[in-house]
Amino acid sequence: MPLSATEESYLSVSLSQRPPCRPDGRDQLQFRPIDAAAGILPTTNGSARIRLDDGGECIVGVKAEVIMVSRSDDVHIEVDCDIVGLLPSSPLQNLLCSTLETAIKNSLPSRLLRITNKYKYKIFVDGIILDHVSHPLSLFSMTTYLALLDTRLPRLAPDSLGGNDNDKDEIGIPQFSSDWADSDRLCMSWSPPLVQLAIIVGKNVFVDATGEEAEVSDGGLLTVWHDGRVVGLRVVKTRDSSKQVFSINSISNAVEVLASASRDIEKALQGIRTS
């Protein structure tokens with residue numbers, strides 16, 4: 001339900017003051033509790049589900065398909081996400097899919113998907129956001145991150161190698177081991193990127209914003225976090241009247257806040273994978 005003029009004015013003042021006062025009592029850098037689980041879909045190579053305490057929920061499954069190696073040797077990955085209640089190809093859906101797909105392509109080494117000189121894996125990431133009150137970008141990114149951590153790729157069957165690992169470049173159509181426990185994790189030597197969104201209200205920066213907080217924001221800033229650093233950023237429109245004009249200090253502060261938040265989130269999600 002949209003905020004009334006009085007509610008919007010009160011919330012805007014509360015979030016703009018120093019120090020700010022959030023409606024739920026959290027500080028600027030505090031996330032709401034989440035319920036997360038990995039390995040929930042048995043027919044996928046990897047999967048995850050995350051639920052937020054505001055009712056938001058996302059499920060992501062990862063599938064690997066064997067394709068022929070092309071001359072370009074690009075990383076082949078497709079990211080798709082259905083948002084319940086929105087039409088396909090909506091601006092919000094396009095933002096989620098294109099942001100995550102580009103971030104993964106730019107960070108995932110092609111060698112990790114190579115099977116032989118002739119064949120490699122193509123990765124499909126399919127998500128569904130069952131409900132969302134706040135902006136779903138961070139929710140989709142965290143769920144995708146956890147699903148990729150859970151992803152396993154089967155090894156070549158020993159019989160197909162003729163007992164010699166050096167023969168794998170000479171075999172025809174690859175045959176894989178049926179022992180799933182003998183498979184390799186996609187993220188043994190690679191960590192997926194993590195995309196996080198912060199809103200800016202006046203001079204204050206907030207992570208994990210509620211829908212109401214986004215309604216009074218000046219705009220948002222998303223960052224792509226990978227390999228211990230911010231590797232990309234973008235200004236995002238969080239409401240129709242967002243001014244989307246920020247000072248250098250506001251952007252620098254937001255990047256610093258999101259870097260700290262991404263580091264903590266990454267550690268927490270990796271803990272779920274290993275638990």
Side-chain angles (χ1 to χ4, degrees), residues 36 38-39 44-48 50 58 60-67 69-81 93-115 119-127 129 135-154 183-198 207 220-236 251 254-274:
T44 61
N45 291 79
S47 60
I50 290 182
C58 180
V60 171
V62 179
K63 296 281 285 185
E65 177 183 295
V66 177
I67 63 172
V69 172
S70 60
R71 290 185 178 180
S72 62
D73 197 30
D74 292 334
V75 171
H76 284 73
I77 184 163
E78 288 186 15
V79 176
D80 190 24
C81 181
Q93 182 195 42
N94 289 336
L95 172 66
L96 266 61
C97 296
S98 62
T99 301
L100 265 294
E101 185 172 303
T102 300
I104 296 171
K105 280 184 176 179
N106 289 343
S107 65
L108 179 59
S110 59
R111 60 178 172 79
L112 296 183
L113 301 181
R114 180 66 70 93
I115 303 170
Y119 295 93
K120 65 180 179 179
Y121 289 112
K122 179 177 182 179
I123 302 296
F124 295 87
V125 177
D126 291 302
I129 296 175
H135 199 291
L137 177 61
S138 295
L139 172 61
F140 181 48
S141 175
M142 289 190 296
T143 314
T144 299
Y145 183 98
L146 188 55
L148 288 169
L149 285 184
D150 183 58
T151 297
R152 289 180 173 271
L153 301 175
S183 58
D184 293 317
R185 287 194 180 275
L186 175 62
C187 296
M188 287 291 291
S189 60
W190 170 73
S191 182
L194 192 61
V195 180
Q196 288 296 304
L197 176 68
V207 299
L221 188 75
L222 72 80
T223 57
V224 180
W225 172 267
H226 180 253
D227 200 21
R229 63 191 179 94
V230 173
V231 296
L233 61 90
R234 175 179 174 183
V235 174
V236 177
I251 294 176
V255 170
E256 184 177 342
V257 165
L258 286 169
S260 176
S262 297
R263 187 179 295 109
D264 292 341
I265 293 170
E266 187 173 48
K267 182 178 180 180
L269 294 177
Q270 290 175 350
I272 293 171
R273 200 282 303 274
T274 56

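Note: hydrogens, waters and symmetry copies are ignored here, and every other heavy atom, side chains too, is used.
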Is there a donor-acceptor pair under 3.5 Å between the side chain of Glu101 and the backbone N or O of Glu78?
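Not at all, since once roles are kept as given, no pair shorter than 3.5 Å links the two residues.
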Say whether, by atom type as modelled, one donor and one acceptor occur between the side chain of Thr44 and the main chain of Gly61 under 3.5 angstrom.
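Answer holds: no.
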Closest heavy-atom pair and its distance - [X], [Y]:
| X | Y | value |
| --- | --- | --- |
| Phe140 | Gly127 | CE1-CA, 4.1 Å |
| Tyr145 | Pro193 | CD1-O, 3.6 Å |
| Leu139 | Cys58 | CG-CB, 3.7 Å |
| Ala103 | Ser107 | O-OG, 3.1 Å |

Give the intermediate values and the outcome of side chain to side chain contact (heavy atoms under 4.5 Å, CB included) for residues His226 and Ile104.
CA-CA 10 Å; His226 180 253; Ile104 296 171; over 6 Å; no
As a quick check of understanding, evaluate side chain to side chain contact (heavy atoms under 4.5 Å, CB included) for Asp80 and Gln93, giving each step before the final call.
CA-CA 8 Å; Asp80 190 24; Gln93 182 195 42; 3.8 Å; yes
With side chains defined as the heavy atoms from C-beta onward, is the minimum distance between [X] and [Y] less than 4.5 Å?
| X | Y | result |
| --- | --- | --- |
| Ile123 | Leu113 | yes |
| Glu65 | His76 | no |
| Arg234 | Leu221 | no |
| Ser191 | Gln270 | yes |
| Val125 | Val60 | yes |
| Trp190 | Met188 | no |
| Asn45 | Pro154 | yes |
| Tyr121 | Ile67 | no |

Leu258 and side-chain contact (heavy atoms from CB on, under 4.5 Å): which partner among Val195, Val207, Leu233?
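Going through the options one by one, the only one that passes is Val207.
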Tell me which one of Leu112, Asp150, Thr151, Leu149 satisfies side-chain contact (heavy atoms from CB on, under 4.5 Å) with Cys187.
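Testing each of Leu112, Asp150, Thr151, Leu149 against Cys187, the sole residue satisfying side-chain contact (heavy atoms from CB on, under 4.5 Å) is Leu149.
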Could you measure the distance from the [atom1] atom of [X] to the [atom2] atom of [Y]? Nearest 0.5 Å is fine.
| X | Y | atom1 | atom2 | value |
| --- | --- | --- | --- | --- |
| Leu148 | Leu269 | CG | CG | 11.5 Å |
| Leu186 | Leu108 | CG | CG | 6.0 Å |
| Leu153 | Arg185 | CG | CZ | 11.0 Å |
| Cys81 | Leu96 | SG | CG | 5.5 Å |
| Lys267 | Ile265 | NZ | CD1 | 13.5 Å |
| Gln196 | Asp264 | CD | CG | 10.5 Å |

Check this for me: Arg263, atom CZ, are more than 12 non-hydrogen atoms of other residues, nucleotides or ligands nearer than 6.0 Å?
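Counting neighbours around CZ of Arg263, more than 12 heavy atoms of other residues, nucleotides or ligands fall under 6.0 Å, so yes.
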How far apart are the C-alpha atoms of Leu100 and Ser141, what are their side-chain angles, what is the distance that settles it, and do they pass the side chain to side chain contact (heavy atoms under 4.5 Å, CB included) test?
CA-CA 7 Å; Leu100 265 294; Ser141 175; 4.2 Å; yes
Could you walk me through whether Leu194 and Met142 pass side chain to side chain contact (heavy atoms under 4.5 Å, CB included), step by step?
CA-CA 7 Å; Leu194 192 61; Met142 289 190 296; 4.3 Å; yes
